[in-house]
Amino acid sequence: MKKVLLSLAFLGTMAMLQLNAGEQFAMSDADRAMYEEMLENNPADIFVEEGGEIFEEALGGEEAFAKFLEVSEKDLPKYIAGFPRYIKKLGNVVGIDQVIQAMQVSIGKEKTKLKSGKMFSMLAYVKSLANDELINIDVEADEHIKASYTLGKTTYMTARGGRGLACNSCHSADIVGKVLRTQPLPDLGEVAVAGTWPAYRMTKSSLRTPQRRFQGCMKNALLKVIPIGSKEMIALEVYVATLAKAKNKKIAIPGLKR
Amino acid sequence: MRTKIKCLALATLFLSTSASLYAMDLTKAYDMPEATKLIKKDLFPAAKKFTMPKSCNLTDANAIARGDFMFNNLNGKKAKGKLPAGLAKFVEKTGKDGKVKKKPKQYGNCIACHDIEGSKGAGNIGPSLVGYKAMFIDTKARDAQFVYQKIADPRIDNANTHMTVNLTTGLFNEQEICDYTAYVVSVKNKK
């Protein structure tokens, strides 16, 4: 059996693998060179900047956002690094994008669609305000986030769809680093999904959010794709955030992905 | 006059506090689409035992060719190579609106997890199936029934398997499971 031992499904380590890399892995040497170059100059920076402009103009920027969330501007970055959260006046555990929507409605504006590029950009901008903060989600904070964590774990473990697969079928600890077709399976905590998405996805040439990324895996593995913003999607984000928190990962937006 | 101003001030104060008390209800101000039912409908049945049908002809060259093709491809849209006899690239499905739609036929993409003779870019989540006949069938360590069950529903053999379920989910039919089985247990000359 050809066992390729990868300690991490991390792109950097792949570069050092000598094992007929061209054929075994989805990333060719040319792709990898491009990746290195993009690390210096992430194409998603422009989306984040654009998100910042929309956010500033339409919603009044950080100051207004902090006020809406009833936290001081100084504490805002730490607070953002703990999303998804239960927000009392919204009555649910929500994502940053949903807070943005509620804020829009509260000042009489039309809410931006959760799955729109405009929202992806705004979300990336707001999350980038927390760059360098440790992911600090607290699933013990209240009963709502506790329930969301439990739902997230269940959703992650539930096998379904045409092939009977769960997220855990491909992302459990005992399988991380093995190769699925040409792709090393990532440890979702180690690659800090919660800290690196929204990210620029090279293979899609666009900015993608964590929930949009989850949808990608669902589609590929024939799991019925569930909508962005649903309780289960937020719960998946909560669950995945705890994986990164356990590894002391920080927020670094926008990420750069294959 | 004085009292009037006082009254006005009090009234304004009252109004503003009541306004914040009865601040806009924001619990429906954002989108939270439903997914619970979608997931429920997407669940699949418990592990099931199957017996390989008598009609399975494991030496049929066409069956082996179909097994080979489905083993090495994800679906009809992405498939490479010549389509063997008796296999489609697209299937027609009737949608909720009654309209018939052409959808790519799904294949096993077993190569994502298993190395096998002549493979390109095989994964290693499952064991290598190279030399399977000589190693497992000829030695009687396994038989075709075992292989058939494994592909149809691997949970019978291993409740915590990482492998895909192929017959219980209805993604494939018995003949197609026969095709995979025929391919796995055949002698392959590819390098």
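Below, chains carry the letters A, B, ... as their sequence lines are ordered, and counting in each starts from 1. Given the structure is predicted, the values throughout are model-derived calculations rather than measurements.
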Answer yes or no: does atom [atom1] of [X] have more than 12 heavy-atom neighbours from other residues, nucleotides or ligands under 6.0 Å?
X: B/Gln175; atom1: CD; value: yes
X: A/Lys231; atom1: NZ; value: no
X: B/Lys105; atom1: NZ; value: yes

Per-residue contact mode, [X] against chain B (heavy atom under 4.5 angstrom):
X: A/Lys111; value: side chain
X: A/Val99; value: neither
X: A/Ser106; value: both

Can you tell me how far the [atom1] atom of [X] sits from the [atom2] atom of [Y], to the nearest 0.5 Å?
X: A/Ile228; Y: B/Met32; atom1: CD1; atom2: CE; answer: 13.5 Å
X: A/Ile226; Y: B/Leu38; atom1: CD1; atom2: CG; answer: 7.5 Å
X: B/Ile39; Y: A/Glu232; atom1: CD1; atom2: CD; answer: 4.5 Å

Could you tell me whether the side chain of A/Arg181 reaches within less than 4.5 Å of the side chain of B/Leu74, counting heavy atoms only? no
Can you check whether A/Lys89 reaches B/Asp25 side chain to side chain, under 4.5 Å on heavy atoms? no
Test your reading of the model: is there a side-chain donor-acceptor pair from [X] to the backbone of [Y], 3.5 Å cut-off?
X: B/Asn124; Y: A/Val179; value: yes
X: B/Glu34; Y: A/Ser230; value: no
X: A/Gln101; Y: B/Asp31; value: yes

Which pairs count as disulfide (SG to SG under 2.5 Å) when at least one residue sits in residues 146-183 of chain B, sequence neighbours excluded? B/Cys56-B/Cys178
For side-chain contact (heavy atoms from CB on, under 4.5 Å), just list the numbers for B/His162 and A/Ser172, CA-CA rounded to whole Å, side-chain angles, deciding distance to a tenth of an Å, and then say yes or no. CA-CA 9 Å; B/His162 284 290; A/Ser172 70; 3.2 Å; yes
By residue number, those in residues 164-173 of chain B with heavy atoms under 4.5 Å from heavy atoms of chain A are B/Thr164, B/Val165, B/Thr169, B/Leu171, B/Phe172
Does one side chain, of A/Asn92 or B/Tyr30, offer a donor that lies under 3.5 Å from an acceptor on the other? yes
Electrostatic pair A/Arg160-B/Asp42, nearest N-O below 4.0 angstrom: yes
Please lay out, stage by stage, how B/Leu26 and A/Met103 fare under the test side-chain contact (heavy atoms from CB on, under 4.5 Å). CA-CA 9 Å; B/Leu26 292 175; A/Met103 202 174 152; over 6 Å; no
Strictly by side-chain hydrogen bond (donor to acceptor under 3.5 Å, both in side chains), give each pair with a member in residues 53-65 of chain B just once, sequence neighbours left out. B/Asn57-B/Thr59
Residue pairs passing the side-chain hydrogen bond (donor to acceptor under 3.5 Å, both in side chains) test with at least one member in residues 84-103 of chain B, sequence neighbours excluded, are none
Between [options], who has the most heavy-atom pairs with chain B when the cutoff is under 4.5 Å?
options: A/Gly162, A/Gly91, A/Ala102; result: A/Gly162
options: A/Gly95, A/Gly229, A/Ala221, A/Ala166; result: A/Gly229
options: A/Asp174, A/Leu223, A/Asp97, A/Thr155; result: A/Asp174

Given B/Ile111, B/Asn160, B/Leu43, B/Asn109, the one with more heavy-atom pairs under 4.5 angstrom with chain A than any other is B/Ile111
